[in-house]
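Counting convention: from 1, in listed order, for ligands and their atoms alike. Numbers here simply count residues along the sequence, with the first being 1.
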Amino acid sequence: MSGNTIAAIATAPGKASLCTVRISGDDAFLICERIFKPINESKKVTEMKGYTALFGNFYRKGNEIDQAVALFFRAPKSYTGENVVEISVHGGSAVADLLLKACYEAGAKPAGAGEFTKRAFLNGKMTLTQAEGVMEMINATSAQAVSAARSALEGHLYKRAAAVRDKLLVLAGHISAYTDFPEEAVEAVTDGEVAEILADAEAELKKLMDSYDTGAKIKQGIRTAIVGRPNVGKSTLLNALSGFEKAIVTPIAGTTRDVVEQEVILGGVNLILQDTAGIRHTEDEVEAIGIRRSLDRLSGADLVFCVFDGSEPVTDEDLSLCEKCRGMSAIAIVNKQDLEQQFDRSRIEKYFKKVLFITAKDFYMSKEFENDVLSVLGIENLDVNTGIIVNERQYDAVRTAYNSVKDANYQFKMGQTLDIVGVCIDEALYAVYELTGENVSDEVVEEVFSKFCVGK
Ligand code: GDP
């Protein structure tokens, strides 16, 4: 036995119809043979080909425990690139624990957090950014988050980074040949070429950096504050958007005294709706606390729905709220269109990215409403499939690369010698290698995979 074989439960804990234990390493088949007997006695576990399955029973300390299906993968054609056996038994933590214990007793070691995916990375089955995509996929809570994770998994981010890397490599190669062997007739890189490559790389790295913000929004959800005077219909809107009653709707002003939160999915993106206390001047202490919280939510929001009552004229309280929405991703929602209108939109328009007219009482989510919201967020044409930055590690690497390329560009424009420009380019390349995982320290690898769960 080589001692490098690991095992862990790969499925979520709790009651379920199936539970899978994954074993990976040189001795995966041997360990399986010790705990699993196929119904078809003519089959020998250690001789199974890859991509085949056996039905049988698993045993612990000589006792038959449960029926099981074993799936076999032969190195290198497996998730980890090693020999892998996945044994599925009936779900439930007790059975799963017994199976796992049996694996340990037969020679497997407990897998560490993310160890299967780490092995896949170390065995060249995936790049570091793809491995990170695996984790994003596990944590994804909306359709867009799934697409972003899938995109990382498919290597789109890696390809974008590799394209920048290749450009910089060509340039670095030219520069070092030219500066190290000036006496040899190395073809000079023209100023135009240097400027063009640096400008391209800078622009692409900037785009990648900007994608982080979008990625973070998609992942964490968009904090959306619903604000407005009391009784304009904020709670009614929240309920309409959520599809069921969550906030208390009453005609008495000041009933929503705290912030009510509700997550909804709009256009594949998670909105964390925050219904807030109606904002108005008040002598009531409790209401005043609620109002302060509303204002906090407003200033910390990624998106604001500022609701107005269309059946009333614009008030000073409306206008002071408008002022607070200035410069934010804020949408004015003029409610109660079913009533006679007294609202003068021209007085509030300039504060908002968009003005929408609705009847919250009979509101239903339309494609237009979705598109309006996404366009205010600047993600209506979001194509997460182009590869976006999904975590801070990636962002740091891209930012370092960007700053170095920018520096190279600056030095070049200031007429510095090519070897100085070359130093900046090398720094940028180093950062890109860190992003792709082509040159990362063991600590970074440990850090990336420590965030995974055991079994992945
Ligand atoms: P909030 O204080 O801003 O949260 O307002 P509510 O959602 O509690 O609504 C205040 C009152 O306005 C309630 O009586 C609602 O039924 C009513 N209301 C809300 N939306 C509409 C609407 O679109 N049309 C009409 N006519 N009444 C509405």
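- The shortest N or O to N or O distance between L339 and ligand 1 is not below 3.5 Å.
- Some N or O of G233 is nearer than 3.5 Å to an N or O of ligand 1, by distance alone.
- Residue contact check: K234 has heavy atoms under 4.0 Å from atoms 1 (P), 2 (O), 3 (O), 4 (O), 5 (O), 7 (O) of ligand 1.
- Between I358 and ligand 1, not a single N/O pair is under 3.5 Å apart.
- Crowding of E340 atom CD: a count of heavy atoms from other residues, nucleotides or ligands under 6.0 Å not exceeding 12.
- Note: F308 and F343 meet the aromatic proximity criterion, with ring centroids under 6.0 Å apart.
- Contacts with ligand 1 closer than 4.0 Å are made by heavy atoms of both the backbone and the side chain of V232.
- Judged by the 6.0 Å and 45° rule, R399 forms no cation-pi pair with Y212.
- In summary, the atoms of ligand 1 found under 4.0 Å from a heavy atom of A360, numbered by their order in the structure, are 20 (N), 23 (O).
- No more than 12 heavy atoms of other residues, nucleotides or ligands sit less than 6.0 Å from atom NZ of K77.
- By the 3.5 Å distance cut-off applied to N or O atoms, T359 is not counted among the residues near ligand 1.
- Atom NZ of K406 has 12 or fewer heavy atoms from other residues, nucleotides or ligands within 6.0 Å.
- Residue N335 touches ligand 1 through its side chain alone, judged by heavy-atom distances below 4.0 Å.
- The number of heavy-atom neighbours closer than 6.0 Å to CG of D344, taken from other residues, nucleotides and ligands shown, is above 12.
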Query raised in the report: Given the rule in the side chain to side chain donor-acceptor pair (under 3.5 Å) test, do T315 and R229 qualify, once you have shown the distances and angles that lead to the verdict?
Result: CA-CA 9 Å; T315 67; R229 282 192 289 120; 3.3 Å; yes

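- Residue-to-ligand polar distances place T236 within reach of ligand 1: an N/O pair is separated by less than 3.5 Å.
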